[in-house]
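Take a look at the structure set out below.
Side chains included, hydrogens not; waters and symmetry mates left out as well; all remaining heavy atoms used. Each chain gets a letter, A, B and so on, in the order the sequences are listed, and its residues count up from 1.
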Amino acid sequence: MSNTPVSDLTAPQPTAALQRPYAAPARLPDSSWRQQLGSSLLGRFAASAKDPMADDEDLADAEPRSRSRWPVLRALLRSPGAVAGLGVLLLIVLVALAAGHLYPGDPLDMAGQPLLTPGEDWDFPLGTDALGRDIAAGLAHGARVSLLVGVTAALVSVVIGTLIGALAGYFGGRVDRTLTWLIELFQTTPSFLLVVVVVSITQSTIGVIAVVVGLTSWDTVARLVRAEFRALLNADFVLAARTVGYSTRWIIFREVLPNALPPIIITASVIVASAILTESSLSFLGVGDPNKISWGSMIGTGRDMLRSALYLTAIPGAVLVITVFSLNLVGDALISALNPRLRGRTA
Amino acid sequence: MSVRTFYQRLTGRLQTGFRGSVFRAIPTAVGVIVLNFILLQMVPGDAVDALTAEAGSASAETSALLRQQYGLDKSSLVQFGDYVNQLAHLSLGDSPRYGIPVLDVITQRLPNTLLLMGLALVISLVVGVALGVVMALWNGKWPDRVLSSLAFILYSTPGFWIGLMAIVLFAVKLEWLPSGGDGTIGAGLVGVDKFVDKLHYAILPALTLSSFFIAIYARLTRASVLEVLTQDYVRTANAKGLTPWRITWRHVLRNALLPLTTVAGTHLGGLLGGAAVAETVFGWPGIGRLTLEAVQAREYKVLLGILLLSSFIVIVANILVDLLHARLDPRIASRTKGH
């Protein structure tokens with residue numbers, strides 16, 4: 001069996017070439033997450049893994065890459081899409097961090113003459129809305145909200161999903177049945193409606209929204225981790241760890257979990273993107289935090305002037321699309337970046 | 001015999017067919033009811049608070065008496081029993097705002113939403129599968145690249161923004177389709193004419209709703225077709241000298257679409273959430289817009305009723321998908337029989 005523990009995805013691995021024989025023909029007992037992930041989330045991986053031509057090319061590439069110190073990052077930087085995506089995301093993060101310096105004061109306050117079109121007055125390069133609020137300031141402060149919600153939701157769902165998926169996959173039996181029931185319950189309940197209901201029952205502050213979005217999207221992570229754990233539990237290295245007498249906690253966190261990390265990382269990037277979309281839909285519908293400006297709420301207020309001032313909806317919408325698009329680009333590239341590693345383990 | 005072993009025997013015997021699917025859905029249904037009850041308990045203020053607020057004022061004694069009367073002073077377990085009992089009588093309570101039972105409020109709007117969702121599902125499946133097949137057959141060439149990027153953009157675009165831009169393009173600029181509503185006001189149409197008129201109004205919201213799912217199904221179909229193309233039976237069909245069209249239609253597509261049926265079932269919840277957004281953008285009177293109205297009016301009974309009912313719709317849809325899947329793939333039926 002070619003299953004070997006990989007301690008950390010990005011950590012330098014001097015013995016990597018020894019640990020991962022690329023041509024091993026063995027197959028994992030259950031490779032269902034690859035299909036689920038590759039097809040239902042991003043649609044690329046399942047296809048490229050089956051494509052014999054692509055296989056050969058990647059194999060040729062993979063050999064030198066595995067010897068480098070940061071294989072995943074290097075593979076990422078080799079993909080033009082990922083570089084563009086990372087660049088845009090970096091810019092957005094910088095703008096979000098600098099929003100307080102660039103545009104001090106409340107972006108919900110009136111800044112100038114109302115309804116200046118973009119370029120009309122260079123004090124407000126992107127124009128102002130019906131209440132004279134600076135659109136550029138709104139976008140910068142809105143980036144904070146979007147990033148905060150995206151990252152928090154992804155963290156919450158990855159922590160909960162990994163824990164529940166690991167417990168279900170590791171222990172099986174009654175624990176597995178109960179937790180699978182919980183996963184199915186959250187898969188069945190329409191998550192957007194659940195978010196709307198919970199947010200309106202509790203509070204519509206940005207922190208609550210971020211956590212609630214995370215609480216409703218952990219089921220994907222849990223399903224993946226559970227499948228991965230079930231597949232890895234039969235691996236030789238887990239058996240070896242058991243024989244040596246390692247504790248359950250050690251086996252879960254130090255042996256199995258590091259091997260289950262690639263799908264978790266990819267799913268996390270997808271959850272960041274979808275959480276940003278969910279938050280923007282919420283604030284577009286007026287269920288978001290009324291005290292914070294967000295891209296969704298800017299579109300929501302600009303909507304009333306759709307015919308006369310299109311830029312009020314078009315600009316924040318375009319920024320939103322570019323952000324989510326960049327995130328998805330990076331997520332997509334992550335699949336191929338992590339791919340040789342996965343193939344090294346499986347085929 | 002404990003409840004669980006009894007249940008297992010029951011489901012074990014009835015694993016296949018309609019009844020088996022229904023029995024397997026029961027734990028989820030129970031979970032949905034529990035979740036809704038918990039959320040109902042979390043609602044700030046109870047029915048008596050709402051009543052006294054409407055009456056203007058009430059003394060502490062009166063409130064206590066009313067709580068006793070409505071059973072609100074009982075333990076949560078008893079209250080849960082009351083809730084289940086109420087559900088068993090197909091009741092979700094009364095809505096003070098609308099003055100009619102909550103279930104009636106919801107079921108009045110439900111057909112509109114189901115029409116919108118059905119239309120969106122059909123559009124996204126047809127368009128998505130067609131795009132996916134084109135992408136897979138031209139794998140790596142320009143049609144694949146162009147369509148892949150297009151699908152990727154659709155996948156990243158929020159539905160409400162696509163809806164707004166569609167209004168600007170198709171309703172304001174081109175004037176092809178109406179920008180909102182669910183029928184021409186005052187046209188006095190009946191029968192088929194009325195339905196056609198309604199469909200006319202449903203096109204833009206349905207397209208908006210389907211945009212995200214078109215992208216998903218296109219990518220899914222592409223991956224799935226590429227996988228099937230490498231199978232031995234496709235090579236055999238090729239060797240037999242079948243036409244490419246026939247191979248794609250009979251041998252590839254039939255097998256490639258199997259995973260799609262499972263996924264389409266799990267997307268129903270997402271479709272319901274998307275409907276809430278699309279309905280609000282286009283002023284389509286369905287349960288999605290009702291959700292927003294209920295949020296604004298703090299009508300928690302209506303809100304939770306919608307959540308409960310939508311969850312049950314998803315459960316029922318999943319049972320149907322199960323059956324469809326078993327029918328399309330004989331391997332599944334024989335597998336479950338073997339247990």
Side-chain angles (χ1 to χ4, degrees), chain A residues 35 38-40 42-53 181-182 184-202 273 277-278 280-281 284-287 296 299-300 302-303 306-307 310 313-314 316-318 320-329 332, chain B residues 27-28 31-32 34-35 39 42-44 136 139 151-153 155-161 164-165 167-168 172 216 218-220 222-227 229-230 259 263 266 268-274 276-277 280-281 288 291-292 294-296 298 300 303-304 306-307 310-311 314-315 318:
Chain A
Q35 307 218 330
S39 45
S40 75
L42 296 131
R44 276 276 166 81
F45 173 65
S48 63
K50 293 285 174 189
D51 188 357
M53 290 300 286
W181 169 77
L182 203 63
E184 264 173 24
L185 176 61
F186 274 84
Q187 268 187 310
T188 306
T189 312
S191 55
F192 186 71
L193 290 184
L194 187 60
V195 172
V196 169
V197 169
V198 176
V199 166
S200 67
I201 286 179
T202 53
L277 284 181
T278 306
S280 71
S281 304
F284 169 75
L285 296 176
V287 192
I299 299 173
R303 185 190 156 199
L306 196 59
R307 282 155 205 257
L310 180 62
T313 46
L320 186 57
V321 174
I322 290 170
T323 308
V324 176
F325 186 70
S326 310
L327 272 166
N328 285 334
L329 273 181
D332 205 38
Chain B
T28 319
V32 165
V34 173
L35 181 70
L39 287 172
M42 275 168 63
V43 167
N139 181 22
F152 215 73
I153 293 175
Y155 183 72
S156 313
T157 312
F160 60 90
W161 196 64
L164 291 175
M165 295 301 121
I167 289 179
V168 171
V172 179
I216 289 187
R219 307 193 71 182
L220 193 70
R222 178 185 181 274
S224 177
V225 168
L226 280 178
E227 198 177 317
L229 279 176
T230 62
V263 176
T266 61
L268 238 105
L271 211 55
L272 266 161
V277 177
T280 312
V281 171
T291 311
L292 266 297
V295 168
Q296 273 149 15
R298 309 253 147 218
Y300 294 110
L303 206 54
L304 283 158
I306 292 171
L307 188 67
S310 339
S311 306
V314 175
I315 291 176
N318 279 331

Taking every non-hydrogen atom, the tightest pair across [X] and [Y]:
X: Val321(A); Y: Pro158(B); value: CG2-CD, 3.9 Å
X: Ile201(A); Y: Leu39(B); value: CD1-O, 3.5 Å
X: Thr28(B); Y: Trp181(A); value: N-NE1, 3.9 Å

Decide yes or no on side-chain contact (heavy atoms from CB on, under 4.5 Å) for Val314(B) and Gln187(A), but give the supporting numbers first.
-> CA-CA 9 Å; Val314(B) 175; Gln187(A) 268 187 310; over 6 Å; no

Just how far is it from atom [atom1] of [X] to atom [atom2] of [Y], taken to the nearest 0.5 Å?
X: Ser156(B); Y: Leu327(A); atom1: OG; atom2: CG; value: 8.5 Å
X: Phe284(A); Y: Leu164(B); atom1: CZ; atom2: CG; value: 4.5 Å
X: Leu277(A); Y: Tyr155(B); atom1: CG; atom2: OH; value: 9.5 Å

Sub-4.5 Å side-chain heavy-atom contact between Leu292(B) and Val287(A) = yes

Side chain to side chain, Trp161(B) and Leu320(A), heavy atoms closer than 4.5 Å | no

Determine the sole option in Leu272(B), Val277(B), Thr291(B) for which the side-chain contact (heavy atoms from CB on, under 4.5 Å) test with Phe192(A) is passed.
-> Val277(B)

Only one of Leu194(A), Leu193(A), Thr189(A) passes side-chain contact (heavy atoms from CB on, under 4.5 Å) with Ser310(B); say which it is.
-> Leu193(A)

Heavy-atom pair count under 4.5 Å with chain A, highest-scoring of [options]:
options: Leu229(B), Val295(B), Val281(B), Leu304(B); answer: Val281(B)
options: Thr157(B), Leu307(B), Ile315(B), Val32(B); answer: Leu307(B)
options: Ile306(B), Ile153(B), Asn318(B), Leu271(B); answer: Ile153(B)

At a heavy-atom separation under 4.5 Å, does [X] approach chain A through its side chain, its backbone, both, or neither?
X: Met42(B); answer: both
X: Leu268(B); answer: neither
X: Leu35(B); answer: side chain
X: Val225(B); answer: neither
X: Ile167(B); answer: side chain

Parallel, tilted or perpendicular for Phe152(B) and Phe325(A), by the 30°/60° rule?
-> perpendicular

Out of [options], which one racks up the most heavy-atom pairs below 4.5 Å with chain B?
options: Leu310(A), Val196(A), Thr202(A); answer: Leu310(A)
options: Val198(A), Val195(A), Ile299(A), Thr278(A); answer: Ile299(A)
options: Leu329(A), Leu182(A), Val324(A), Val199(A); answer: Val324(A)

